[in-house]
Structure formats: C-alpha cells, structure tokens
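Written below as structure tokens is the structure these notes are about.
The first residue in the sequence is number 1, and the count goes up from there.
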Amino acid sequence: MKTDVSVETLRRALTQLQETLHDKLTQTVLRKMQQYAVDVTLDPDTAHPELILSEDGKQVRDGDITHELPDNPERFDMCVCVLGKEGFSSGRFYFEVQVKEKTKWDLGVARESINRKGEITASPQDGFWTVSLRDENDYCASGCPRVSLCLRVSPQKVGVFVDYEEGLVCFYDVDNRSHIYSFTGQTFTEKLFLLLSPGPHHGGKNSGPLIISPVHYNK
C-alpha cells in the first residue's frame, strides 16, 4: 500500500524536529551554566540617586524622586543604573534577574572602569554587555548600533552567564529555557560587575523592581 506524503508535511515535521532538538540542547546548556551560580548583591555606593535598593541588596526600583546622596566617583549621576558589589576577573559565573511586569529595563555586566558620569553609551566598546527592554516588547542588545532581538515570548526571568577567559556573555530566558543573545569573542582585562537599570517610574507603569533571584538548579 502506497501513501503519498506532501513536501509541505515533511517540511513541517522536520521544522518541529529541529525546534525540539534545539530546545533540548538549550535546556542542557542552561543547566550546565546554572552550576556556576554566584551570590551577588547591589552596591548602594554606585546607585543613581533616584534608585531605591532593598535592605538585602537584591532588589532595585526607580523611586521617581532624586535623593540627596554623596556624588562619589563610583555613583552614576545621569544614567539610572546600579552595579553589583562583587567583581569577577576570571572563571565562569551566572546569575538570574526577575524582570516580571516591567516595561523597560537594562541588565547584564559592565567592566570596572566604565564611565559613570554624564551621558553613557552602552556598548561592548565602552564596557557594557547588556540586553534591554523598551516600550514593553522591544528587546535589544547593547551595541553601536543596538541589535534588535526577536523573542517568541517575553522573559519573566533572565539568566546571565559569563565565561571570562572565553570572552563570552550569554543571556537566557530561564522559565522558557531559551537563548536570548550572546556576545562572543570579547576580551576582558578588568573586573566585571552585574549591572541593572530598572528604567524610569513612568507614573507607576514601570514601578516594579528588578530582583536578583535565587538560582534553582535542576540536574
């Protein structure tokens, strides 16, 4: 008995198989990266005066009010950003940030010597390796120009993995277990720090915090 199978049917089946294999590979890679989870907290001495940090240093949000704080060299004075306390100058490390219910944010890593005063260009050439959300669903990666990202779903939690010696910075959608973007072939010569920007308050529309979340590693 002969059965005719259309080319389109075969193409759909092959596409589904490729997507399944890709998803399984991505899940395996993400699990391996999660083994390098580190405990990072935010450094209040670097926080822009509008930012409000939680007592445990795990959350940051825009308070929509500029507070009177010392203008020390470490502090951002125009860009609404904050760095982590812990710096890394070798090996591999990984952390996760909850971005749920946000309409704008930036997150990633930055080198120690970045400019923190005045207007800042977020690009690898200037020491920033970040991904961003703009206008609720416009995702991009830092660069000159920025790299637009087409994501199937909006991430609720973003995982960031760095391999210092390999010059690699990877971003993953933790819940969807999918790859977001990677910077490859980078050269790191300084300490790297977590960088977060929760975005402006926008009258309460973007008032929620960015949260450094515990990593739940599943073998």
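Salt bridge absent: K104 and D62 never bring a charged side-chain N and a carboxylate O closer than 4.0 Å. Ion pairing between a basic and an acidic side chain is recognised when a charged N comes within 4.0 Å of a carboxylate O; K117 and D71 show such pairing.
Panel note: side chain K58, backbone V40; a donor-acceptor pair is recorded below 3.5 Å. In this structure a side-chain-to-backbone donor-acceptor pair under 3.5 Å is missing from N176 to S178. Remark: the backbone N or O of P70 is paired with a side-chain donor or acceptor of R75 at under 3.5 angstrom. In terms of modelled atom types and a separation under 3.5 Å, the side chain of N72 and the main chain of D45 share a donor-acceptor contact. The closest donor-acceptor contact from the side chain of E165 to the backbone of S90 lies at 3.5 Å or more, if one exists at all. A donor-acceptor pair under 3.5 Å links the side-chain atoms of D77 to the main chain of G118, judged by distance alone.
For the residue pair T46/D43, the side-chain donor-acceptor check at 3.5 Å is not satisfied. A donor-acceptor pair shorter than 3.5 Å can be found between the side chains of E190 and S113. Donor-acceptor pairing under 3.5 Å is lacking for the side chains of R61 and S54.
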Pair up each side-chain donor or acceptor in residues 196-205 with any protein partner under 3.5 Å, not counting sequence neighbours, and list the distances.
residue : atom : partner : partner atom : Å
S197    : OG   : V80     : O            : 2.7
H201    : ND1  : G203    : N            : 3.4
H201    : ND1  : G204    : N            : 2.9

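F161 is listed as a side-chain neighbour of L168, based on a closest heavy-atom distance under 4.5 Å. Looking at N206 and W105, their side chains never come closer than 4.5 Å, going by heavy atoms from C-beta outward. Residues S154 and Y139 form a side-chain contact, since some pair of their non-hydrogen atoms from C-beta on lies under 4.5 Å apart.
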Report the C-alpha distance between V109 and L195 in whole Å, list the side-chain angles of each, state the deciding distance to 0.1 Å, and finish with yes or no for side chain to side chain contact (heavy atoms under 4.5 Å, CB included).
-> CA-CA 5 Å; V109 294; L195 178 139; over 6 Å; no
List the steps, then state whether side chain to side chain donor-acceptor pair (under 3.5 Å) holds for T103 with R134.
-> CA-CA 7 Å; T103 61; R134 298 289 184 270; over 6 Å; no
Step by step, work out the side chain to side chain donor-acceptor pair (under 3.5 Å) result for Q186 and E166.
-> CA-CA 8 Å; Q186 307 298 301; E166 290 295 324; over 6 Å; no
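Every salt bridge (Lys or Arg N to Asp or Glu O under 4.0 Å) that D163 has, sequence neighbours left out, goes to R92. Among residues two or more places apart in sequence or in another chain, the side-chain contact (heavy atoms from CB on, under 4.5 Å) test is passed with S213 by Q98, K157, I211.
Closest heavy-atom contact between M33 and Y94: O-CB, 3.4 Å. Pairing each heavy atom of S89 with each of K191, the nearest pair is CB-CG, 4.0 Å. Here the shortest heavy-atom pairing between I120 and C79 reads CB-SG, 3.6 Å. Taking both residues in full, the closest heavy atoms of R146 and A122 are given as NH2-CB, 4.3 Å, listed atom of the first, atom of the second, then distance.
Note that OG1 of T41 is 9.0 Å distant from CG of D56, once rounded to the nearest 0.5 Å. Atom CZ of F128 sits about 8.0 Å away from atom OG of S123, to the nearest 0.5 Å.
Two rings, from F93 and F88, have their centers less than 6.0 Å apart. The aromatic ring centroids of Y181 and W129 lie 6.0 Å or more from each other.
Cluster annotation: L69 is not connected to I52 through the hydrophobic network of ILVMFWY side chains, with a link wherever side-chain heavy atoms come within less than 4.5 Å. No path of Ile, Leu, Val, Met, Phe, Trp and Tyr side chains, each step under 4.5 Å between heavy atoms, connects L192 with L83, placing them in separate hydrophobic clusters.
Within a 6.0 Å radius of CD in Q156, other residues, nucleotides and ligands contribute more than 12 heavy atoms.
Across H48, M78, E74, a single residue satisfies side-chain contact (heavy atoms from CB on, under 4.5 Å) together with R116, and that is E74.
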